[in-house]
Amino acid sequence: MDTKKVRVRFAPSPTGGLHLGGVRTVLYNYLFAKKHGGEFVLRIEDTDQSRFVEGAEEYIMKCLEWCGIEPDESPLKGGPFAPYRQSERKANYAQYAQQLINDGKAYYAFDTPEELEVMREKYKMEGHSAQYDNRTRAFMRNSLTLTADEVNTLLAANTPYVIRIKMPVGETLLFTDMIRGAVSFDTSLVDDKVLLKADGMPTYHLAVVVDDYLMKITHAFRGEEWLPSAPVHLLLWRYLGWENDMPEWAHLPLILKPDGNGKLSKRDGDRLGFPVFAMDWIDPRTNEQTTGFRERGFLPEAFVNMLALLGWNPGVEQELFSMEEMAALFSMDRVHKGGAKFDYEKAKWFNHQYIQKTDNVQLAELIKPQLADKNIIATDQKLIQVIALVKERCHLLNEFWEQSYFFFVTPQTIDTAAIQAKWSDTAKSFFQSLQTNFIASADWSHDNIETIFNNTIIDAGIKKGEAMLPFRIMLVGGKFGPGVFAIAELIGKEETIKRLQNALASL
RNA sequence: GGCGCGUUGGUCAAGCGGUUAAGACGCCUCCCUUUCACGGAGGAAUGACGGGUUCGAUUCCCGUACGUGCUACCA
C-alpha cells in the first residue's frame, strides 16, 4: 500500500462556474501529489447528461491553468487510463453493477418516479424516514419482492429499471479519514442508493468507485458533503472485491459564507460584492455572467495562496508561499476539521502583498489591457514608472486606473472647495509666480521642480503647508495620489502648467 | 425527523495535560508622510455549556446546546 505511487484526482462535474471550494479541493489534491512525487489526474464526471453545460469542461481546465495547476492526465492531455470523461466510459460500469446483482449485493428496481414519490409522501406523513432502505424496499417493485419469473418478464419487455445497492442490516462500518480520524456508520440507516440509472449511466456512487479503482487512485479527497455517502462507497469497494486497493479518504471542510453560517454560494458573492468563481463564467443557457477572481483583478499566485491557507495551516509563521513551498510543506493532518468562513478583506490583503512582490514590468503587461479599454496610449516606460508610484495602494489590479488616471488624462473635475478653504490673494499670486517660474525652467526633474516650488514659496511669503495641498489638487483633482513632485515630473512640464492654468481659471 | 460532521478573539488560526492562550486579517490609538496609501510602534478582543478523568484541563472521555452537511435515477 505504502509503496504504491501516489495518484489523486479532481473529479468535477461540468455544470457551471468553478467555485472557490472546488479550486481549493483541486489545490489540496495537487499539493498532496507534488509533495509525494505522485500524479494528479483530472477526471470529468459527466454522468448526468441532463445537467451538461456547454463549455463548462473547457472553462474548468482554463481555471486550473490560470491557477498554475497542470494535471498529469486529463481529457485534453490523455494518459494511460483514458478516456477521462465518464460519459465516454459508460460501457465500463454496467458489468460491475451486474456483478453485484449476481452476488446478491444489489438488485433491480422497477419503481417509476411517480411510485417513488408516493412512497416518500406516505412515509413522510407517517413520520418515518422517506428513504428507499432496508425496510421500505420490501414494499416496492424490485427483484427482491418480485419472483424470478416476474423479473425476467419485466426485463424481457424492456421495462425501465435501476440497479440499487442492497445495504446490509445492522452492520457498523468504520473507516479512517485522514482529517477526521475514525468515522463510523450504521448500515441500517443508509438507504439503497441507485448505482445504475435507467439510462444505463452510473450514478456518482458507482462511477467514483469503479473509476478510482481502474485509475489506481491512492488518495481520494472531496468535500465534507460527501461524508454521508462514504458507507455506500466503502461497501462497494468491498463487494467488488477491491477493498485492499481502496484509497485513503479525506473529507475537506466546507468554505462558509462570511456572514451567518452555511456553505458559501455564488449568491452570497453577488449579495456581498465579491467573486466566488475562479474566472468569469457566462452561463450559455441564460447568458448570465458571473465575475471571477481573475477578472476582479486577482493575481493567481495570491488567489491560490489565500485559498490554501483557508483550512490548512502549514505550521510556520510564514504566510506567503509559492506553489513549490506549499507543496513541500503540505500535509493532510494539518487541515482543519471545521469549515472556514471566507474573508474577502484577507483575500485582498494577500493580493496586495503579491502586487508588491510582482515586478513592475510584469504588472505592466497585466495592466495594459485596462488602458487599451480606455483608449489610452502610453509608452511602456511611462506605464512602468506609474506602476512604481501607485502599486502600493492597489489591492486589486483593477484598482490601478482609479489610482493613476491623472497620469494619463487631465482630471475633468477638481475639488475646488478644498482649495478654497486655504485660498487667499497671497496664494493666488504664489501660483501665478509658480507658473511663470515653471515656464522659465529648463530642468524638469523631480528635485528641480521642488526647488522651484520652494523658492517661489519664499518669494511669495506663503507657508509651504498652505501651498502643497492646493498644488496637489490642481494636478490630480483631489486629496490623493503619490508624491506631488513625482506626479508633476511624470506628467511633464507642459501638462503641469496647463493644469495650473485651468485650475486658476476656475477659482 | 433521522444520520454524519464540527465548535479557540469579528475572521483565518497556533497549541497537542502545567503557556502571560502565538501569529495574521480587520478594528482603534500614536508615529512617519505638508494628501491618501504604504510602513513602524502600541491597544482592545478568544477555548459554547455541564459533568467526569487528573495534583492540574483549551488540550482526554461522556452528555447537552448550537451550527452545518446529507437524506434524488445531482454531483
Taking for each residue the nucleotide of RNA chain B with the nearest heavy atom, is it A/Leu256 or A/Pro160 whose nucleotide lies nearer the 5' end?
A/Leu256

Mapping A/Glu345 and A/Leu310 onto RNA chain B by nearest heavy atom, which one lands closer to the 5' end?
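The residue mapped nearer the 5' terminus is A/Leu310.
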
Between [M] and [N] - [atom1] atom distance, rounded Å:
N     : M     : atom1 : value
B/G42 : B/G4  : C1'   : 46 Å
B/U20 : B/U11 : C1'   : 24 Å
B/C66 : B/C49 : C1'   : 10 Å
B/A57 : B/G67 : P     : 30 Å
B/U58 : B/A75 : P     : 47 Å
B/A65 : B/G26 : C1'   : 30 Å

So does [X] get a side-chain nitrogen or oxygen closer than 4.0 Å to the phosphate oxygens (OP1/OP2) of [N]?
X        : N     : value
A/His336 : B/A14 : yes
A/Lys263 : B/C70 : yes
A/Arg334 : B/C12 : no
A/Lys341 : B/G6  : no
A/Arg120 : B/U71 : no
A/Arg51  : B/A75 : no
A/Lys348 : B/G26 : no

For A/Tyr93, enumerate each residue passing the ring pair (Phe, Tyr, Trp, His ring centres under 6.0 Å) test, keeping only those at least two apart in sequence or located in another chain.
none

Below 4.0 angstrom, N of the basic side chain to O of the carboxylate: do [X] and [Y] qualify?
X        : Y        : answer
A/Arg296 : A/Glu399 : no
A/Lys90  : A/Glu88  : no
A/Asp212 : A/Arg43  : yes
A/Asp191 : A/Lys193 : yes

Side chains of residues 306-315 of chain A: which donor-acceptor pairs under 3.5 Å do they make with residues two or more places apart or in other chains?
| residue | atom | partner | partner atom | Å |
| --- | --- | --- | --- | --- |
| A/Asn313 | OD1 | A/Gly315 | N | 2.7 |
| A/Asn313 | OD1 | A/Arg334 | NH2 | 3.2 |

Scan every strand shown for a Watson-Crick or G-U wobble partner of [N], both distances under 3.5 Å, and answer none if you come up empty.
N     : value
B/G2  : B/C70
B/U20 : none
B/G10 : B/C25
B/U64 : B/A48

Counting only heavy atoms and a strict 4.0 angstrom limit, can you tell me which residues of residues 466-475 of chain A come near RNA chain B?
A/Met468, A/Leu469, A/Arg472

Interface residues of residues 395-414 of chain A with RNA chain B (non-hydrogen, below 4.0 angstrom)
none

Do A/Asp133 and A/Val190 have side-chain heavy atoms sitting under 4.5 Å apart?
no

Heavy atoms only, 4.0 Å cut-off, all strands: where does [X] land among base, sugar-phosphate and nothing?
X        : answer
A/Leu254 : sugar-phosphate
A/Pro482 : base
A/Thr47  : sugar-phosphate
A/Gly262 : sugar-phosphate
A/Ala340 : sugar-phosphate
A/Asp111 : base

Using 30° and 60° as the class limits, which term best fits the ring planes of A/Phe438 and A/Phe471: parallel, tilted or perpendicular?
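Aromatic pair A/Phe438/A/Phe471 classed tilted.
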
Using the six-membered ring wherever Trp is involved, compare the ring planes of A/Phe400 and A/Phe408 and label them parallel, tilted or perpendicular (cut-offs 30° and 60°).
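If you compare the ring of A/Phe400 with that of A/Phe408, the planes turn out tilted.
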
With sequence neighbours left out, write down each residue that passes salt bridge (Lys or Arg N to Asp or Glu O under 4.0 Å) with A/Asp192, or none if nothing qualifies.
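Testing A/Asp192 for salt bridge (Lys or Arg N to Asp or Glu O under 4.0 Å), a comparison that skips the adjacent residues, returns A/Arg137.
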
Checking side-chain hydrogen bond (donor to acceptor under 3.5 Å, both in side chains) for the pair A/Asn351/A/His395: CA distance, chi angles, key distance, verdict?
CA-CA 6 Å; A/Asn351 205 53; A/His395 282 73; over 6 Å; no

Are A/Phe10 and A/Phe221 an aromatic pair, judged by ring center distance below 6.0 Å?
no

Output the distance between atom CG (A/Leu252) and atom CE (A/Met178), rounded to the nearest 0.5 Å.
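Taking CG in A/Leu252 and CE in A/Met178, the distance rounds to 10.5 Å.
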
Please list, for nucleotides 2-5 of chain B, all pairs of protein and nucleotide N/O atoms separated by less than 3.5 Å.
| residue | atom | partner | partner atom | Å |
| --- | --- | --- | --- | --- |
| B/C5 | O2' | A/Arg180 | NH1 | 2.6 |
| B/C5 | O2' | A/Glu224 | OE2 | 3.4 |

